[in-house]
Participant: 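Please find one structure pasted underneath; my questions will follow.
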Amino acid sequence: MTADITALADVLDSALVSVTDTPSLADTATFDLDDAYAVQAELIERRQARGERIIGIKMGFTSKAKMAQMGVAEVIVGRLTDAMQVDDGGSVDLARFIHPRIEPEVAYRVGEHVDLDDPDFDLTTAVDAVAPAMEIIDSRYRDFRFTHEDVVADNTSAAGFVVGKWQPLQAVPDAAVRITVGGQEVTGTTAAILGDPIEAVREAQRMAIKRGLPVRPGDVILAGAATAALPFDGGVAECVVEGLGSVTVAGIPRQP
Ligand code: OOG
Ligand code: MG
């Protein structure tokens with residue numbers, strides 16, 4: 001039997017809109033990775049119908065720390081919309097989320113020339129800026145418990161992100177990374193991201209072509225977290241990437 005893409009998208013879209021978790025889809029439905037990307041595409045269409053704009057893509061599970069924390073060992077790709085973006089130094093109402101976590105990211109910006117249809121095109125030479133960033137992830141699944149297919153269907157837990165000041169493109173193959181929030185701190189290195197976060201851009205190109213995701217001038221590409229994510233229950237979260245500077249966001253705690 002083929003998976004009912006619309007029915008699976010219904011479950012995840014209502015979890016998103018009602019800010020209520022849902023059990024893993026894989027508990028009760030059979031669907032493969034192609035189905036999962038089809039569910040993700042349908043969810044994105046619904047967001048667009050509600051007025052959101054696609055402004056980039058995000059890579060996931062590009063580091064061993066993330067793979068180990070979440071139990072998925074495959075690289076995944078999801079989409080970023082304008083409604084997810086929070087200004088650097090800005091604040092975000094955590095009541096928007098079910099059980100938000102925050103993680104350090106490296107962001108790349110796509111330059112003017114991009115053509116995924118050209119076989120000689122190389123996205124790593126088309127990015128023109130790099131910045132420290134953070135991602136707020138908010139799995140729609142209960143207790144962040146999901147399979148590889150589940151998390152792809154759920155647009156890779158994408159919920160929010162903040163990009164620091166864009167810097168002229170420079171290599172950051174082994175830059176120290178630190179994220180602090182709510183008295184907790186995690187440190188790591190950008191080398192944890194596929195050996196060098198620019199490799200996540202190469203992977204983004206490969207997966208965007210395979211999954212038919214557009215990549216346009218000005219788009220943001222998140223390379224994937226170098227460390228495990230931290231709970232984001234309120235207060236200021238800060239991420240510092242050596243050589244790139246810092247980025248902050250304040251979380252307004254949910255009212256009891
Ligand atoms: C899935 C999202 C993974 C990353 O940076 O590895 C991700 C999750 O952890 O819920 O964004
Ligand atoms: Mg991430």
Side-chain angles (χ1 to χ4, degrees), residues 12 15-16 21-26 33 36-37 39-40 43-44 55-81 84-86 92 97-108 130-164 172 177-179 181 186-201 203-204 207-208 211 213 219-232 237 239 241 247 249:
L12 289 171
L16 170 79
D21 65 12
T22 180
S24 153
L25 295 176
L33 196 57
Y37 276 104
V39 173
Q40 181 188 119
L43 289 170
I44 294 301
I55 57 168
I57 59 181
K58 55 157 288 189
M59 304 306 292
F61 304 135
T62 50
S63 73
K64 293 214 164 57
K66 281 292 300 186
M67 291 180 188
Q69 184 181 31
M70 306 316 298
V72 175
E74 274 354 285
V75 174
I76 57 177
V77 64
R79 292 171 240 211
L80 301 171
T81 77
M84 299 177 190
Q85 187 161 22
V86 184
V92 60
F97 309 117
I98 303 165
H99 44 197
R101 295 179 180 178
I102 194 159
E103 59 190 21
E105 294 274 350
V106 172
Y108 290 93
V130 60
M134 287 183 285
E135 185 181 14
I136 301 168
I137 51 170
D138 191 39
S139 176
R140 269 51 69 167
Y141 299 113
R142 194 154 302 156
D143 304 323
F144 269 83
R145 193 181 64 79
F146 47 64
T147 64
H148 177 200
E149 290 79 12
D150 276 329
V151 68
V152 165
D154 184 27
N155 192 28
T156 68
S157 309
F161 68 100
V162 46
V163 178
V172 279
V177 173
R178 188 180 76 235
I179 186 166
V181 62
V186 181
T187 56
T189 160
T190 56
I193 306 163
L194 299 174
D196 179 335
I198 198 72
E199 292 303 320
V201 174
E203 198 60 24
M207 293 188 73
R211 301 296 171 187
L213 314 192
D219 275 3
V220 175
I221 300 173
L222 294 183
T227 74
L230 288 171
F232 191 23
C239 170
V241 180
V247 54
V249 65

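In listed order, ligands and their atoms are each counted from 1.
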Participant: Could you see which bit of Ala225 sits under 4.0 Å from ligand 1, with heavy atoms only: side chain, backbone, both or neither?
Facilitator: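 Answer for Ala225: both.
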Participant: If a pair satisfies side chain to side chain donor-acceptor pair (under 3.5 Å) and one of its residues is in residues 63-73, list it, with sequence neighbours excluded.
Facilitator: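 Listed by first then second residue: Lys66-Glu103.
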Participant: Is the shortest side-chain heavy-atom distance between Val247 and Val163 below 4.5 Å?
Facilitator: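 Side-chain contact under 4.5 Å: no.
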Participant: Should one rank Met67, Met70, Arg101, Glu103 by closest heavy-atom distance to atom 7 (C) of ligand 1, which comes out on top?
Facilitator: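 Selected option, by shortest heavy-atom distance: Glu103.
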Participant: Contact between Thr156 and Phe61 at the side-chain level, heavy atoms closer than 4.5 Å - yes or no?
Facilitator: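 Heavy-atom side-chain distance check fails, nothing below 4.5 Å.
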Participant: Taking C-beta and beyond as the side chain, do Phe144 and Arg101 meet within less than 4.5 Å on heavy atoms?
Facilitator: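 Answer yes - side chains close enough.
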Participant: At a 4.0 Å threshold, what atoms of ligand 1 neighbour a non-hydrogen atom of Phe146?
Facilitator: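 Once the distances to Phe146 are compared, the set is 8 (C), 10 (O).
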Participant: Could you please spell out the steps behind the side-chain contact (heavy atoms from CB on, under 4.5 Å) verdict for Ile102 and Val249?
Facilitator: CA-CA 10 Å; Ile102 194 159; Val249 65; 3.8 Å; yes
Participant: Tell me the protein heavy atom at minimum distance from atom 9 (O) of ligand 1, and give that distance in Å.
Facilitator: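 The closest heavy atom on the protein side is Lys66 NZ, 2.8 Å.
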Participant: Should Arg79 and Asn155 count as side-chain neighbours, where that means a heavy-atom distance under 4.5 Å?
Facilitator: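 They are in side-chain contact.
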Participant: Any idea which part of Val72 is under 4.0 Å from ligand 1, heavy-atom wise: side chain, backbone, both or neither?
Facilitator: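 For Val72, no heavy atom sits under 4.0 Å from ligand 1.
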Participant: Using a 4.5 Å cut-off on heavy atoms from C-beta on, say whether the side chain of Met134 contacts that of Phe161.
Facilitator: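 When only atoms from C-beta onward are counted, Met134 and Phe161 do not touch, as no gap falls below 4.5 Å.
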Participant: Determine whether a donor-acceptor pair (N or O, by modelled atom type, separation under 3.5 Å) exists between the side chain of Glu105 and the backbone of Gly224.
Facilitator: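 Yes, the answer is positive, given that a donor and an acceptor are paired below the 3.5 Å cut-off.
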Participant: Of the choices Ala65, Pro104, Ser157, which has the non-hydrogen atom that lies closest to atom 1 (C) of ligand 1?
Facilitator: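 Minimum heavy-atom distance to atom 1 (C) of ligand 1 goes to Ser157.
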Participant: Tell me whether Ser139 has any N or O atom under 3.5 angstrom from an N or O of ligand 1.
Facilitator: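 No; the residue has no nitrogen or oxygen that sits under 3.5 Å from a nitrogen or oxygen of the ligand.
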Participant: Using a 4.0 Å cutoff against the non-hydrogen atoms of Lys58, which atoms of ligand 1 qualify?
Facilitator: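 Counting from 1, the qualifying ligand atoms are 2 (C), 7 (C), 11 (O).
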Participant: Which of the atoms in ligand 1, numbered in the order shown and given with their element, are less than 4.0 Å from a heavy-atom of Gly60?
Facilitator: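 So the answer, numbered in order with elements, is 3 (C), 4 (C), 6 (O), 7 (C).
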Participant: Would you mind listing which atoms of ligand 1 come within a distance below 4.0 Å of any non-hydrogen atom of Glu105?
Facilitator: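 The atoms of ligand 1 under 4.0 Å from a heavy atom of Glu105 are 5 (O).
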Participant: Do you know the tightest heavy-atom contact between Ser24 and Tyr141?
Facilitator: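 Scanning both residues, the minimum pair turns out to be CA-CD2, 3.7 Å.
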Participant: Decide whether an N or O pair under 3.5 Å exists between Thr156 and ligand 1.
Facilitator: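 Looking only at distances, the answer is no, because the N/O contact criterion of under 3.5 Å is not met.
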Participant: Any idea which atoms of ligand 1 are less than 4.0 Å away from a heavy-atom of Gly224?
Facilitator: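 In order of number, 5 (O).
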Participant: Rounded at 0.5 Å granularity, tell me how far CD in Gln40 sits from CD1 in Ile76.
Facilitator: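 Result: 8.5 Å between the selected atoms.
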Participant: What atoms in ligand 1 come closer than 4.0 Å to a heavy atom of Phe144?
Facilitator: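 The list of qualifying atoms is 10 (O).
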Participant: Count the heavy atoms belonging to other residues, nucleotides or ligands that lie under 6.0 Å from CZ of Arg142, then report whether that count exceeds 12.
Facilitator: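 Buried by this count: over 12 neighbours within 6.0 Å.
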Participant: Taking 2.8 Å as the limit, list every protein N, O or S atom around the Mg ion (ligand 2), by chain and residue number.
Facilitator: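 Result, waters dropped: Glu103 OE2, Glu105 OE2, Glu135 OE1.
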Participant: Taking 4.0 angstrom as the limit and counting only heavy atoms of Val151, give me the atoms of ligand 1 inside it, by number and element.
Facilitator: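 It comes down to these atoms of ligand 1: 1 (C).
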Participant: Apply side-chain contact (heavy atoms from CB on, under 4.5 Å) to Val151 and Met70, showing your working.
Facilitator: CA-CA 10 Å; Val151 68; Met70 306 316 298; over 6 Å; no
Participant: Which is it for Arg211 and Leu33 under the side-chain contact (heavy atoms from CB on, under 4.5 Å) test, yes or no, and what are the steps along the way?
Facilitator: CA-CA 11 Å; Arg211 301 296 171 187; Leu33 196 57; 3.7 Å; yes
Participant: What are the atoms of ligand 1, with element, lying closer than 4.0 Å to any heavy atom of Glu135?
Facilitator: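 So the answer, numbered in order with elements, is 11 (O).
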Participant: What do you reckon, does Gln69 put a non-hydrogen atom under 4.0 Å from ligand 1?
Facilitator: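 It does not; every heavy atom stays at 4.0 Å or beyond.
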Participant: Any nitrogen or oxygen of Phe61, side chain or backbone, less than 3.5 Å from one on ligand 1?
Facilitator: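 Yes, since at least one N or O of Phe61 sits under 3.5 Å from an N or O of ligand 1.
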Participant: Please say which of Asp150, Leu16, Leu25 ends up in a side chain to side chain contact (heavy atoms under 4.5 Å, CB included) with Arg140.
Facilitator: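 Exactly one pass, corresponding to Leu16.
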